[in-house]
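To start, the structure itself, in structure tokens.
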2 protein chains.
Amino acid sequence: MNKKAERGRLTRDQLVATATELFAERGYEDTSIEAVLHEANVSRGALYHHFAGKEGLFEAVLEAVETRVDSQLVAAVAGQSDPVEALRGGCLAWIGFVGDHVVRQIVLIDAPAVLGWERWREVDQQHGLGMIRAALRATRRLPAELVDPFAHMLLASLGEIALLIARSPDPDAALDNGVAAIEELLRRVLR
Amino acid sequence: MNKKAERGRLTRDQLVATATELFAERGYEDTSIEAVLHEANVSRGALYHHFAGKEGLFEAVLEAVETRVDSQLVAAVAGQSDPVEALRGGCLAWIGFVGDHVVRQIVLIDAPAVLGWERWREVDQQHGLGMIRAALRATRRLPAELVDPFAHMLLASLGEIALLIARSPDPDAALDNGVAAIEELLRRVLR
DNA sequence: GTGAACACCGACAGTCGGTATGTCATCCGA
DNA sequence: TCGGATGACATACCGACTGTCGGTGTTCAC
């Protein structure tokens, strides 16, 4: 049980890698299974052997992207003992990811529409959102029942600011102003 | 130039009304053009005479829904002289719209995936950002250079909370909690 | 060696969005 | 008032797409 399994894993990985690229570039709806098959040099049967369908393939892609983001976020806040500082560090790191078109298209745009809210939220909670929520809770500056909505609002705000920066004609100045806004928001929200 | 135009407007309206219903009920992707055609008793040619395609039809539906929401939002804050109260009223009114399953599915879930991130943001900002920015500035609780990024963050936060409520398994409880979160956010941000 | 299990293959069916072309009532200028 | 122009469809058709299904070749345990 080695050569067979290895070959299978190789095919699967190739499929996920190619699909990640195409989904990010064209979006889910505008990416045909056939394009993925052709680009990955894999047959139709192989894909349907490994995944439940186009949607199953997307789920695998999403999982892979989220995992990658996760590890980088963890690395960004590693060794930070002050929860407020950890939160600030995580927020600034996340701003960088929203500028990443792979994360933006797959995680932020397509995932809710493709998976539906419940499934998307499940996945998201296990990753970025969960981290921010934990960090928010650790600061002990919010009543327990407000931690979850504030985590969502904070994430949304971060995405918005990141986009504002990315689209600005003067990204450097916009970055300063955006970061200042985020820090001011955190200051006010965390009292 | 009367009978022809009137007939055309009738067909168009019928198409938009039927599509609104089906898009809201099944989501954009799971609604086929043919289903809309059948339900509206309209031919393929008629649809493609009035709209650029399925996406064009969706845009028309979205525009109609947003316009309806807009007028109700304006009505909700009319006659409010205190800028802080006006801002709060507008925010809460918007949150209230998530009880409408049409707004939920079309504006909040499908629009980003169908129109793409950039176009969706454009539309969203035309309908909400201007009002929020003006209201925020009027409160005089923020330095001038932070009004714009805070308006963006607030709008994004409202959208996120609206989504959170919309897709919650228990919308009533989620609504209360979401409203509480927004009010607490405004309280903290506006000092 | 052999039979089961696995990874894969590719022709095919059904559906969908979009197009090309025809038709017919209505309008309008002479 | 009448004939061409125009608007508002109607319909047959096309290519593309997704998912299926019976089969094939390789690998592995015994």
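Numbered from 1 within each chain, the chains take letters A, B, ... in sequence-line order.
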Calculate the interatomic distance between [X] atom [atom1] and [N] atom [atom2]; express it in whole Å.
| X | N | atom1 | atom2 | result |
| --- | --- | --- | --- | --- |
| Leu22(B) | dC16(C) | CG | P | 13 Å |
| Ile33(B) | dG15(D) | CD1 | P | 20 Å |
| Glu55(A) | dC17(D) | CD | P | 19 Å |
| His49(A) | dT18(D) | NE2 | P | 20 Å |
| His38(A) | dA16(D) | NE2 | C1' | 15 Å |
| His50(A) | dC6(C) | NE2 | P | 13 Å |
| Phe51(B) | dT19(C) | CZ | P | 16 Å |
| Leu37(A) | dC17(D) | CG | C1' | 12 Å |

Does Ser32(B) make a side-chain N or O approach to OP1 or OP2 of dT15(C) shorter than 4.0 Å?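 Indeed not, no polar side-chain atom of Ser32(B) lies that close.
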Kindly say if Thr11(B) contacts the phosphate of dA8(D), meaning a side-chain N or O under 4.0 Å from OP1 or OP2.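 No, no such contact exists.
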Using a heavy-atom cut-off of under 4.0 Å over every strand shown, decide if [X] touches base, sugar-phosphate, or nothing.
| X | result |
| --- | --- |
| Ser43(B) | base |
| Arg7(B) | sugar-phosphate |
| Gly45(B) | base |

Kindly point out which of dG19(D), dG17(C), dC8(C) is positioned nearest to the side chain of Tyr48(A)?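 Closest nucleotide among those given: dG19(D).
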Identify which nucleotide among dA8(D), dG18(C), dG19(D) has an atom closest to any side-chain atom of Arg44(A), counting heavy atoms from C-beta outward.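 Ranking dA8(D), dG18(C), dG19(D) by closest atom to the Arg44(A) side chain puts dG19(D) first.
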Can you check whether Val189(A) reaches Met153(A) side chain to side chain, under 4.5 Å on heavy atoms?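 In short, these two side chains do not touch, never coming nearer than 4.5 Å.
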Side chains of Ile165(B) and Arg104(B) in contact at under 4.5 Å (non-hydrogen atoms):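 A side-chain contact is absent here, since even the closest heavy-atom pair is not under 4.5 Å.
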Lys/Arg N to Asp/Glu carboxylate O, Glu85(B) vs Arg88(B), below 4.0 Å: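 Salt bridge present between Glu85(B) and Arg88(B).
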Consider ring-ring contact (aromatic ring centres under 6.0 Å, His included). Of Phe51(A), Phe23(A), Trp120(A), which one does Phe58(A) pass it with?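 Per the ring-ring contact (aromatic ring centres under 6.0 Å, His included) rule, the option paired with Phe58(A) is Phe23(A), out of Phe51(A), Phe23(A), Trp120(A).
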How about Glu21(A): does its CD atom have over 12 heavy atoms from other parts shown lying under 6.0 Å from it?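 At most 12 heavy atoms, drawn from other residues, nucleotides or ligands, come within 6.0 Å of this atom.
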